[in-house]
Amino acid sequence: MKGKRTYRSKMRILADMMRAIQGEGENGAGPTKILYTANLSHDRLTQYLDELVEKELIILANSESNSRVYGLTEKGRSFLKEFVRVERISEAFGIEV
Amino acid sequence: MQEQMVTLIRLDLLFETIGGIIALMVAYYATKAFNLTGQKRLSDLSTGFLVLAAGLFSHVGGTWYFFVRFGVEGGLNPNLTRLFVLVTVAYHVLRIMAYILFVVSTRQSVRTKQPEMVMLLALPVLIDINLEILTIIILLVVVLQAFMNYAVVRSRYALYVLTGFSMFLLSHLFLILAVDNVRTYLISQALQLLGFIAFLVMLYKAGRE
């Protein structure tokens with residue numbers, strides 16, 4: 001049960017990170033912007049960014065260590081769209097996701 | 001007169017079939033949401049709409065078989081009458097089960113005694129009018145929970161859900177008044193359909209806006 005709850009909140013965090021990237025439009029978002037918008041610790045940010053890249057939901061658009069920028073992939077866009085729909089439906093029934 | 005009755009029954013079957021299809025659609029999206037998030041209450045919600053759809057389709061099938069196929073004026077032999085009563089009771093029980101699942105899945109995050117209380121109420125009833133009263137009591141809890149949720153989140157999606165459940169409640173209130181009145185019965189069916197349409201609009205808008 002506890003495991004499930006951790007996973008749920010993780011889904012939410014991943015979606016928040018992707019929203020932060022989407023919010024920056026075509027330019028993409030840097031780690032600092034994602035960190036503040038998704039309200040994350042640095043360790044978690046690194047871990048989840050790697051995971052999102054691995055799952056091909058985001059892409060590292062600029063890999064220079066001083067100015068790394070992440071953008072949403074097409075897969076990421078459709079995942080986020082689906083998540084927003086799920087979030088709205090769940091919220092409409094009073095269910096937190 | 002008999003012909004008019006059969007027409008009305010067919011209209012009622014059409015309403016319930018559309019309602020059943022919409023219930024299946026809500027169940028589908030709730031399952032999808034459960035698979036994505038692992039939130040158990042979404043699974044309960046999905047099961048609730050599945051059970052509701054099963055109830056509606058069993059009622060449609062039963063009514064079609066007994067009234068349209070055999071004809072209203074022909075009357076039913078005692079065995080068929082018993083079977084029809086069984087189908088009707090099954091329909092009510094399925095709906096009550098669905099509404100109890102709605103109570104459980106849409107409860108507020110802060111724990112209350114409501115689900116247990118409703119489960120106790122569900123136990124011993126087998127007569128139609130009592131089943132309707134029981135259904136209304138359970139639906140009242142569902143509507144109150146939907147209202148409290150709307151009061152908190154104030155989203156249009158929550159308003160559609162509140163409207164849907166409120167229509168279901170009104171539909172059951174009209175059903176209780178419709179003992180000998182076909183028109184009131186039809187109003188009740190139309191209200192139920194409106195409730196399902198509210199859910200359909202919510203699903204559509206949640207994916208579009």
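Every chain is numbered from 1 and lettered A, B, ... according to where its sequence line falls, protein lines coming before strand lines. Predicted model only: the values in this text are computed from it and were never measured.
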Atom [atom1] of residue position [X] - does it have more than 12 heavy atoms of other residues, nucleotides or ligands inside 6.0 Å?
| X | atom1 | result |
| --- | --- | --- |
| Glu56(A) | CD | no |
| Lys75(A) | NZ | yes |
| Ile59(A) | CD1 | no |

Which pair of non-hydrogen atoms, one from [X] and one from [Y], has the smallest distance, and what is that distance?
| X | Y | value |
| --- | --- | --- |
| Phe79(A) | Leu36(B) | CE1-CD1, 3.7 Å |
| Ser90(A) | Leu42(B) | OG-CD2, 3.5 Å |
| Asn149(B) | Ala92(A) | ND2-O, 3.1 Å |
| Val86(A) | Ala33(B) | CG1-CB, 3.5 Å |

Side chain, backbone, both or neither of Phe83(A) within contact of chain B (heavy atoms, under 4.5 Å):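 Interface part for Phe83(A): both.
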
Worked check of side-chain contact (heavy atoms from CB on, under 4.5 Å) between Phe93(A) and Gln145(B): CA-CA 9 Å; Phe93(A) 285 98; Gln145(B) 288 184 170; over 6 Å; no

Pair Ile95(A)-Arg41(B), side-chain contact (heavy atoms from CB on, under 4.5 Å): steps then yes or no: CA-CA 7 Å; Ile95(A) 300 172; Arg41(B) 284 162 64 185; 4.1 Å; yes

Side chain / backbone / both / neither for Phe102(B) at chain A, heavy atoms under 4.5 Å: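 Nothing of Phe102(B), per the 4.5 Å heavy-atom cut-off to chain A.
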
Leu159(B) versus chain A, the contacting section by heavy-atom distance below 4.5 Å: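 It is neither, since no heavy atom gets under 4.5 Å.
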
Lys/Arg-Asp/Glu bridge criterion (N-O < 4.0 Å) met for Lys32(B), Glu82(A):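 Answer for the salt bridge query: yes.
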
Those residues of residues 45-57 of chain B, ordered by number, that approach chain A below 4.5 Å (heavy atom to heavy atom):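 Those residues of residues 45-57 of chain B which have a heavy atom under 4.5 Å from chain A are Leu45(B), Phe49(B).
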
4.5 Å side-chain heavy-atom contact, Ser155(B) and Arg88(A): no

Test item: Glu91(A) and Val153(B) side chains (from C-beta on) under 4.5 Å apart, heavy atoms: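 With C-beta onward as the side chain, the pair touches.
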
For Glu74(A), all residues meeting salt bridge (Lys or Arg N to Asp or Glu O under 4.0 Å), sequence neighbours excluded: Arg77(A)

Steps toward side-chain contact (heavy atoms from CB on, under 4.5 Å) verdict (Arg85(A), Tyr29(B)): CA-CA 9 Å; Arg85(A) 182 178 211 174; Tyr29(B) 279 106; 3.3 Å; yes

